[in-house]
*Asks:* 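The structure that follows is given in the form of structure tokens.
Side-chain atoms are counted along with the backbone in the values below, which use heavy atoms only and exclude waters and symmetry mates.
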Amino acid sequence: MPDILRATLRWPAPAKLNLFLYVTGRRPDGYHNLQTLFQFLDYGDTLTITARDDGQIRLLTPLPGVADESNLVVRAARLLRGALPAEFARAGADIAVDKILPMGGGLGGGSSDAATVMLALNTLWRAGLSDETLAGLGLKLGADVPVFIKGYAAFAEGVGEMLHPAHPEEKWYLVAHPGVSIATPDIFGDPALKRDSPVRTLSELLRIPFANDCEPVARKRFREVEELLSWLLEYAPSRLTGTGACVFAEFDTESAARQVLSNAPERVQGFVARGVNTSPLHLARSALSGALQ
């Protein structure tokens with residue numbers, strides 16, 4: 001077993017927004033081809049991770065109703081260990097998740113948590129895998145995991161796994177949750193979903209108003225999404241992120257975003273965050289790696 005780093009460290013698991021999302025076709029395997037623009041937020045979950053050398057992978061903060069074996073955090077740790085040489089068989093970890101991102105919100109919380117586990121344990125176990133290799137592993141857990149592992153804002157194609165670095169403007173966002181959870185299959189399985197958006201270059205897409213092909217279906221199926229978006233659109237350009245349920249409005253300043261949030265209906269749960277093109281996870285890894293050397 002390699003000499004693991006035994007420090008207990010806190011690692012960010014940032015949220016993401018889909019600044020636009022277009023469905024360009026349905027694949028023979030039932031999945032959909034997309035064109036989407038990912039940007040991170042300086043806001044998200046936080047994971048506290050301690051490496052072990054007894055082979056145990058323990059989730060200290062289980063999710064109600066979700067078996068540990070099914071939790072993406074545990075699956076990510078085991079996936080990474082399974083890809084390593086036999087000398088890592090006794091590598092383990094204690095993992096605690098300070099969960100603030102809503103499930104089924106379209107902010108990528110579960111995928112981000114999984115990516116953070118893989119990057120953190122790759123560091124703590126001294127496994128030495130490249131981010132490219134980790135992203136390939138992460139794709140087995142979900143289409144959004146690779147963008148969190150690679151850590152840069154990206155124009156994504158395919159099912160979201162073909163990533164091209166991008167540099168969208170780093171605006172301020174008011175992100176609001178309508179109080180419902182939306183399962184991705186419910187949106188992609190809806191017959192009314194637009195599936196024939198033209199394939200365009202990033203430069204073409206940046207010249208037109210951003211939109212999300214999933215939004216009309218979410219607004220039709222969930223009255224809460226419709227009401228929240230209608231309210232936000234009175235103040236600023238606003239859209240659904242991913243397949244929802246969260247919606248967001250973009251602002252040039254933090255104060256403008258916070259002013260609108262202060263006027264939000266009482267039932268609305270929301271936060272204000274900066275859009276960033278470099279993942280807070282990668283900034284933290286660089287700082288922690290330097291301190292641990």
Side-chain angles (χ1 to χ4, degrees), residues 15-39 101-112 139 141-147 154-163 166 168 173-202 204-250 264-265 267-270:
K16 59 84 177 167
L17 293 178
N18 296 85
L19 299 185
F20 60 67
L21 193 161
Y22 303 104
V23 183
T24 59
R26 194 171 204 161
R27 298 151 51 115
D29 60 8
Y31 288 93
H32 291 77
N33 284 321
L34 311 172
Q35 290 191 304
T36 189
L37 182 59
F38 288 111
Q39 189 178 52
L101 297 178
M103 296 177 67
L107 299 175
S111 294
S112 186
L139 184 59
L141 299 171
D144 286 350
V145 176
V147 73
F155 175 51
E157 299 181 283
V159 297
E161 86 287 4
M162 298 166 57
L163 300 173
Y173 297 100
L174 189 172
V175 182
H177 192 283
V180 296
S181 179
I182 297 180
T184 297
D186 289 346
I187 301 297
F188 281 116
D190 194 301
L193 177 67
K194 179 178 174 59
R195 295 178 169 88
D196 59 355
S197 283
V199 175
R200 292 167 286 198
T201 65
L202 177 58
E204 289 174 316
L205 290 167
L206 291 175
R207 290 197 296 266
I208 61 175
F210 292 175
N212 182 338
D213 284 344
C214 298
E215 185 179 305
V217 174
R219 296 181 78 161
K220 177 194 72 172
R221 293 176 66 115
F222 296 90
R223 173 182 51 82
E224 297 88 347
V225 173
E226 166 64 29
E227 292 177 350
L228 187 52
L229 265 174
S230 296
W231 173 74
L232 270 180
L233 283 164
E234 295 179 13
Y235 297 94
S238 307
R239 292 179 297 287
L240 188 78
T241 180
T243 56
C246 287
V247 301
F248 65 96
E250 58 188 55
R267 60 180 173 76
V268 172
Q269 301 172 7

*Asks:* Between Glu215 and Leu21, does the side chain to side chain contact (heavy atoms under 4.5 Å, CB included) criterion hold? Intermediate values first, please.
*Replies:* CA-CA 9 Å; Glu215 185 179 305; Leu21 193 161; over 6 Å; no

*Asks:* Taking the side chain as C-beta and beyond, is there a heavy-atom pair between Phe38 and Asp144 under 4.5 Å?
*Replies:* yes

*Asks:* At their closest point, which heavy atom of Ala236 faces which heavy atom of Ala249, and how far apart are they?
*Replies:* CB-CB, 4.2 Å

*Asks:* Hey, are His32 and Arg195 close enough side-chain-wise for a donor-acceptor pair under 3.5 Å?
*Replies:* yes

*Asks:* Can you find a pair of side-chain heavy atoms, one from Leu193 and one from Phe188, that are under 4.5 Å apart?
*Replies:* yes

*Asks:* Could you work out, with salt bridge (charged side-chain N to carboxylate O under 4.0 Å, His left out) as the rule, every residue matching Arg200, not counting sequence neighbours?
*Replies:* none

*Asks:* Suppose we screen for side-chain hydrogen bond (donor to acceptor under 3.5 Å, both in side chains). Which residues come up paired with Gln35, at least two apart in sequence or across chains?
*Replies:* Glu157

*Asks:* Going by the rule side-chain contact (heavy atoms from CB on, under 4.5 Å), which residues pair with Pro178 if we only count those two or more places apart in sequence or in a different chain?
*Replies:* Val180, Glu224, Val225, Leu228, Ala245

*Asks:* Just wondering, do Val217 and Lys194 contact through their side chains at under 4.5 Å, heavy atoms?
*Replies:* no

*Asks:* Check whether any side-chain heavy atom of Leu232 lies under 4.5 Å from a side-chain heavy atom of Val247, and answer yes or no.
*Replies:* yes

*Asks:* Excluding sequence neighbours, so at least two apart, what forms side-chain hydrogen bond (donor to acceptor under 3.5 Å, both in side chains) with Arg207?
*Replies:* none

*Asks:* Less than 4.5 Å apart, any side-chain heavy atom of Leu107 and any of Leu17?
*Replies:* yes

*Asks:* Which atom pair, heavy atoms only, marks the closest approach of Asn18 to Gly242?
*Replies:* OD1-N, 3.1 Å

*Asks:* Mind checking the OH-CZ spacing from Tyr31 to Arg26? Nearest 0.5 Å is all I need.
*Replies:* 12.0 Å

*Asks:* Minimum heavy-atom separation for Ala166 to Leu202, with atom names?
*Replies:* CB-CD2, 4.2 Å

*Asks:* Quick one: pull up CD1 in Ile182 and SG in Cys214 and give me the separation to the nearest 0.5 Å.
*Replies:* 9.5 Å

*Asks:* If you compare all heavy atoms of Thr241 against all heavy atoms of Gly105, which two are closest, and at what distance to 0.1 Å?
*Replies:* CG2-O, 3.9 Å

*Asks:* Applying side chain to side chain donor-acceptor pair (under 3.5 Å) as the test, list every pair that has at least one member in residues 228-238; sequence neighbours left out.
*Replies:* Arg219-Ser230, Glu226-Ser230

*Asks:* Using the test side-chain hydrogen bond (donor to acceptor under 3.5 Å, both in side chains), find all partners of Tyr22 that sit at least two apart in sequence or belong to another chain.
*Replies:* none

*Asks:* Run Asn212 and Phe20 through side chain to side chain contact (heavy atoms under 4.5 Å, CB included) and show every step you take.
*Replies:* CA-CA 5 Å; Asn212 182 338; Phe20 60 67; over 6 Å; no

*Asks:* Could you grab the distance from atom SG of Cys246 to atom CZ of Arg239, nearest 0.5 Å is fine?
*Replies:* 14.0 Å

*Asks:* Roughly how far, to the nearest 0.5 Å, is the CG atom of Asp213 from the CD1 atom of Ile187?
*Replies:* 12.0 Å

*Asks:* Do Glu250 and Leu19 have side-chain heavy atoms sitting under 4.5 Å apart?
*Replies:* no

*Asks:* Is there a side chain to side chain contact (heavy atoms under 4.5 Å, CB included) between Lys16 and Val147 once you walk through the steps?
*Replies:* CA-CA 9 Å; Lys16 59 84 177 167; Val147 73; 5.6 Å; no

*Asks:* Could you give the distance from CG (Leu206) to CG (Leu37), rounded to the nearest 0.5 Å?
*Replies:* 6.5 Å

*Asks:* What is the distance from atom OG1 of Thr24 to atom CG of Asn33, rounded to the nearest 0.5 Å?
*Replies:* 4.5 Å

